[in-house]
Each structure stands twice: as structure tokens, then as C-alpha cells.
S.K.: 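A single structure is presented below for examination.
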Amino acid sequence: MNVSGPFLLLLCALHPTSAGVLSIHADHRNPFTQRLCCKRQSHFVYLGHDISGSPVSVDVGMCRSHCGGVSRPSLEAGQQEYSKHSSMLEFLRSKKMRTRGPASADSPQPPSQLPSCGANQVCEATGMRVDTVLLFEGPREVEVIQECQCDVRLTQCIRVPALRTYHSETPYETVIDVGGCSRSQGSAEGLSCVPTTFDSALVETPNKGELVRTVVACELKESCYRVAYVEYYYETVHHADGVKEERLKEIDVGRCLGGCTAGNRCLLRSQSDPVICHLWAERQPSTCAPHGYESHNFLNQHGQIRAVLSITSCLCQT
């Protein structure tokens, strides 16, 4: 095919401009690309064995916090690199030393480390379903991420919507806003935004119905904290004029919620995605348990003294 000279000159003049446009769209920092990076990726979790004895793993998914994929060297390149060393131990030692080598401060951040969302944003799950897996030990509910999107990173501790789909792809499919708490951190060290007030919603099933706990309000608390839990009792009161009165007594016995963690247990993180941990340290047994209590004494309907203990404070204990 014959191409005229003026047409070739025009292509040469347009080439730098075309390359510049492509480089702009390939930049991982622009908002359009960031939203493409924030998406669901597979994350399998081993649950145990089912009633037939077969192992069960479920893809619960996870939202990508960084852009880029994991660069995997080709098989031939790996074999050539390994052949330069006398043993596998020497090969692994040299590879470890290379990963620990000094990084230039002026070198640009690799694409795999760029955040998947813009500034003051976080990649979070927007749609989740609750699946019930029948294990040998009994049924277990598993939350599976369906979709992810970039949301504004909140600085205040507030309740945020959290949609859950129950009994998906069945005649009893139901979507409920169970609620959650923003990931904001408190001004004082050690405080987190946690749920403090709860309610319940009814989900219809073939076996009548089941109650799902929902979050109503959130507050800044320590990781191990006390929440209100009210119980009612019948109390008998004898007045000075000889009148016997039976009334309802309300006692906030309290409950301990939250978790107890001893720092970061991750020993080896992925170089391509720091969110992924390849090796975890053994968790020390520690539970959020009652620390302080008080006794409420009263006469019951039978005229006997009854004592009810209530929790006043909670603490992490081993």
C-alpha cells in the first residue's frame, strides 16, 4: 500500500500527542483508574469439614486496597536464576538479601502499592450476602463480599448502613440494613468506633423465622467495653403503713463486648499487597471479661432475698 509523504508527516506530528493521552489514562493516580482498582478479589477461607468429611473453603472475597497485580516471573527465568547457585538454601538467601536491599528515596512508588481510591477515601464492601454452610460441628453463617466501591473516609464516629442479603437466590431472599460503625479513630489512643446500642429484625425462613441483630448507635470506646443489657424482676416492697406492694424492678446487668489483641500478629506480609499476610503469629488466649461488678438485693414474690450481679466494667484478661 502506497502512503503519501504529507500523510506520514501528519502521523509523526500526532504521535507524541497520542502517547501523552495514553500515559494520562494509564496513570494509576487519576480518579477513573482508582475506581477501577477498587473492586472485589477472591479470598478463600478454610472453614472445616462438612457432614461428608470433605474440606470446605469459601471465597468470602476482599476489597482491593491497592492497584496493580502481582508480578510473577516466568518459569524459565526462575530456573535460570536458580541454576546460578549451588543449592536451594543459597538461592533463597540471595533472594531474601535482594528484597532487603536499599530502596532509592527518589524512585517512584510501584503501581502495586498505589491506593485503589483517592485521598480521604477507602475501598469498602457495598454488597454482602450471608450464606449458611453446614459443617460437621453444625451450621455456620459466613459473610461473603459481593461488590466494592470507594467511600469517603469518615472522621466522626457514626452509624453507617450495612446491607446484608439473607437466603440469597431463594423465595425467602431478604435484604436488611444491619448497620455498622465508621472506621474513625478516637482522638485518644486506643479508642475505636464500636456499636453500643442494638435492635433486632425478623427474617422469614421455611422454619418460621429468625432474629438478626442490628446496630442502632455507635460510640468511641476501648476495644473491650461494657454495653447496657436490661433485665426485669418482680420485687416485693413492704411499706411502713403495712401495705405490701409488688412492682417491676429494672436492672442493667450489662454485657462485655469487643476483642482483645496484643499488637500486630503478622510476621510476613506480601510485597505486592501489604494487606495480605502470609504468616501469622500464634494468638495469645485473651478474652473481654467482666472486671468490676455490683450486687442488687431485693425481695422476690415469695418474700425471699434475691441478689443479682451487674457488670460495671470490662477488661481484657488471659
Side-chain angles (χ1 to χ4, degrees), residues 34-45 47 57-66 115-133 139-186 190-205 209-229 255-261 273 275-277 288 314:
Q34 288 166 358
R35 292 205 174 259
L36 291 181
C37 291
C38 176
K39 60 183 180 180
R40 182 192 190 275
Q41 67 181 26
S42 295
H43 178 65
F44 285 87
V45 174
L47 299 181
S57 296
V58 177
D59 181 11
V60 298
M62 64 183 298
C63 294
R64 297 178 58 180
S65 61
H66 293 79
S116 57
C117 297
N120 300 323
Q121 289 184 330
V122 60
C123 184
E124 291 186 333
T126 56
M128 300 185 69
R129 73 173 188 268
V130 180
D131 293 343
T132 302
V133 182
R140 178 177 173 182
E141 288 189 344
V142 182
E143 292 187 345
V144 179
I145 296 176
Q146 294 179 292
E147 296 180 358
C148 303
Q149 75 175 22
C150 293
D151 289 332
V152 178
R153 189 187 302 274
L154 299 175
T155 57
Q156 297 179 344
C157 178
I158 59 174
R159 180 197 184 274
V160 294
L163 300 181
R164 299 289 186 274
T165 302
Y166 292 86
H167 307 289
S168 177
E169 299 180 356
T170 72
Y172 295 91
E173 180 173 319
T174 306
V175 179
I176 296 179
D177 180 13
V178 299
C181 297
S182 59
R183 295 186 180 182
S184 60
Q185 300 293 327
L191 297 183
S192 300
C193 187
V194 294
T196 55
T197 308
F198 302 91
D199 200 351
S200 59
L202 181 63
V203 178
E204 293 185 0
T205 67
E210 61 182 13
L211 288 177
V212 176
R213 190 173 72 169
T214 60
V215 176
V216 177
C218 304
E219 295 180 16
L220 284 174
K221 298 279 187 180
E222 295 181 351
S223 59
C224 175
Y225 60 100
R226 179 194 185 276
V227 295
Y229 192 87
R255 287 288 188 271
C256 291
L257 290 183
C260 303
T261 57
D273 191 350
V275 176
I276 301 177
C277 182
C288 181
C314 302

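FYI, side chains are in, hydrogens and waters are out, and symmetry mates aren't considered; it's all heavy atoms of this structure. What you see is a predicted model, and the numbers here were worked out from it, not measured in a lab.
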S.K.: Is the shortest side-chain N to carboxylate O distance from Glu147 to Arg40 below 4.0 Å?
M.R.: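 Looking at Arg40 together with Glu147, the answer is no, because their closest N to O distance does not fall below 4.0 Å.
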S.K.: Any chance you could lay out the side chain to side chain contact (heavy atoms under 4.5 Å, CB included) test for Ser200 and Arg213, step after step, and finish with the verdict?
M.R.: CA-CA 4 Å; Ser200 59; Arg213 190 173 72 169; 5.7 Å; no
S.K.: What distance separates Thr165 OG1 from Met128 CE, expressed to the nearest 0.5 Å?
M.R.: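 Reported value, rounded in 0.5 Å steps: 10.0 Å.
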S.K.: Has Arg153 got a side-chain atom pairing as donor or acceptor with Gln121's backbone, closer than 3.5 angstrom?
M.R.: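 The answer is yes, because a donor-acceptor pair under 3.5 Å joins these two groups.
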S.K.: Just jot down the salt bridge (charged side-chain N to carboxylate O under 4.0 Å, His left out) partners of Asp199, sequence neighbours excluded, or say none.
M.R.: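 Here no residue qualifies.
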S.K.: So with a 6.0 Å cut-off around CZ of Phe198, is the heavy-atom count from everything else above 12?
M.R.: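 Check passes, neighbour count above 12.
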S.K.: Could you pull out the closest heavy-atom pair between Ala201 and Thr214, with the gap in Å?
M.R.: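 Smallest heavy-atom distance, with atoms named: CB-CG2, 4.2 Å.
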S.K.: Going by heavy atoms in the side chains, are Val175 and Arg164 under 4.5 Å from each other?
M.R.: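 The answer is no, as the side chains (C-beta and beyond) never meet within the 4.5 Å cut-off.
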S.K.: Under 3.5 Å, side chain of Thr170 to main-chain N/O of Tyr172, donor-acceptor pair present?
M.R.: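 Side chain of Thr170 to backbone of Tyr172: a pair is present.
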S.K.: What's the shortest heavy-atom distance between Val215 and Arg159, and which atoms?
M.R.: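 Reported closest heavy-atom pair: O-NE, 2.6 Å.
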S.K.: Can you establish whether the number of heavy atoms outside Glu173 located under 6.0 Å from its atom CD is more than 12?
M.R.: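 Buried by this count: over 12 neighbours within 6.0 Å.
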S.K.: Measure the distance from the SG of Cys260 to the SG of Cys288 and say whether it is below 2.5 Å.
M.R.: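 Answer is no, sulfur atoms not closer than 2.5 Å.
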S.K.: Decide yes or no on side chain to side chain contact (heavy atoms under 4.5 Å, CB included) for Val203 and His167, but give the supporting numbers first.
M.R.: CA-CA 9 Å; Val203 178; His167 307 289; 3.7 Å; yes
S.K.: Any side-chain heavy atom of Leu154 sitting closer than 4.5 Å to one from Val160?
M.R.: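 Answer yes - side chains close enough.
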S.K.: Is it true that Arg140 and Asp131 have a side-chain N and a carboxylate O under 4.0 angstrom from each other?
M.R.: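 Salt bridge absent between Arg140 and Asp131.
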S.K.: Checking the side chain of Ser116 only, and the main-chain atoms of Arg64 only, is there a donor and an acceptor separated by less than 3.5 Å?
M.R.: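 Confirmed, Ser116 side chain pairs with Arg64 backbone.
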S.K.: Using 0.5 Å steps for rounding, measure from the OG1 atom of Thr205 to the CD atom of Glu210.
M.R.: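 Separation between the atoms: 5.5 Å.
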S.K.: Quick check: do Lys39 and Cys148 have side-chain heavy atoms less than 4.5 Å from each other?
M.R.: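 Lys39 does not reach Cys148 side chain to side chain.
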S.K.: Say you draw a straight line from CG of Asn120 to CG of Asp151; how long is it, rounded to the nearest 0.5 Å?
M.R.: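 Nearest 0.5 Å value for the CG-CG distance: 13.0 Å.
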S.K.: How long is the span from the CD1 atom in Ile145 to the SG atom in Cys63, to the nearest 0.5 Å?
M.R.: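 So the gap between those two atoms works out to 4.5 Å.
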S.K.: What do the steps show when you test Cys123 against Cys38 for disulfide (SG to SG under 2.5 Å), and what is the final call?
M.R.: CA-CA 6 Å; Cys123 184; Cys38 176; 2.2 Å; yes
S.K.: Would you say Val194 and Glu219 make side-chain contact, with heavy atoms under 4.5 Å?
M.R.: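 No, every pair of side-chain atoms sits at 4.5 Å or beyond.
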S.K.: Is there side-chain contact between Asp59 and Val144, with at least one heavy-atom pair below 4.5 Å?
M.R.: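 With C-beta onward as the side chain, the pair stays apart.
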S.K.: Just to verify, what does Glu124 make a side-chain hydrogen bond (donor to acceptor under 3.5 Å, both in side chains) with, not counting sequence neighbours?
M.R.: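 Only Arg183 meet the side-chain hydrogen bond (donor to acceptor under 3.5 Å, both in side chains) criterion with Glu124.
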S.K.: Is any side-chain heavy atom of Phe44 closer than 4.5 Å to a side-chain heavy atom of Val58?
M.R.: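 Of all side-chain heavy-atom pairs linking Val58 with Phe44, none is under 4.5 Å.
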S.K.: Side chains of Leu220 and Tyr225: closer than 4.5 Å at any heavy-atom pair?
M.R.: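 SC-SC contact between Leu220 and Tyr225 ruled out.
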S.K.: Give a yes/no on whether the SG-to-SG distance for Cys117 versus Cys150 is below 2.5 Å.
M.R.: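 Judged by the SG atoms alone, which are under 2.5 Å apart, Cys150 and Cys117 are bridged.
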S.K.: So, do Val130 and Val142 sit near enough that their side-chain heavy atoms are less than 4.5 Å apart?
M.R.: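 Sidechains of Val142 and Val130: no contact.
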S.K.: Starting from the C-alpha separation in whole Å, work towards a yes-or-no answer on side chain to side chain contact (heavy atoms under 4.5 Å, CB included) for Glu222 and Leu191.
M.R.: CA-CA 5 Å; Glu222 295 181 351; Leu191 297 183; 3.9 Å; yes
S.K.: Starting from the C-alpha separation in whole Å, work towards a yes-or-no answer on side chain to side chain contact (heavy atoms under 4.5 Å, CB included) for Val60 and Glu143.
M.R.: CA-CA 7 Å; Val60 298; Glu143 292 187 345; over 6 Å; no
S.K.: Any side-chain to backbone donor/acceptor pair from Ser182 onto Gln156? Under 3.5 Å, distance only.
M.R.: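 Answer holds: yes.
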S.K.: Give me the one residue out of Cys157, Cys193, Cys218 that meets disulfide (SG to SG under 2.5 Å) with Cys181.
M.R.: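 When disulfide (SG to SG under 2.5 Å) is applied between Cys181 and each of Cys157, Cys193, Cys218, only Cys218 qualifies.
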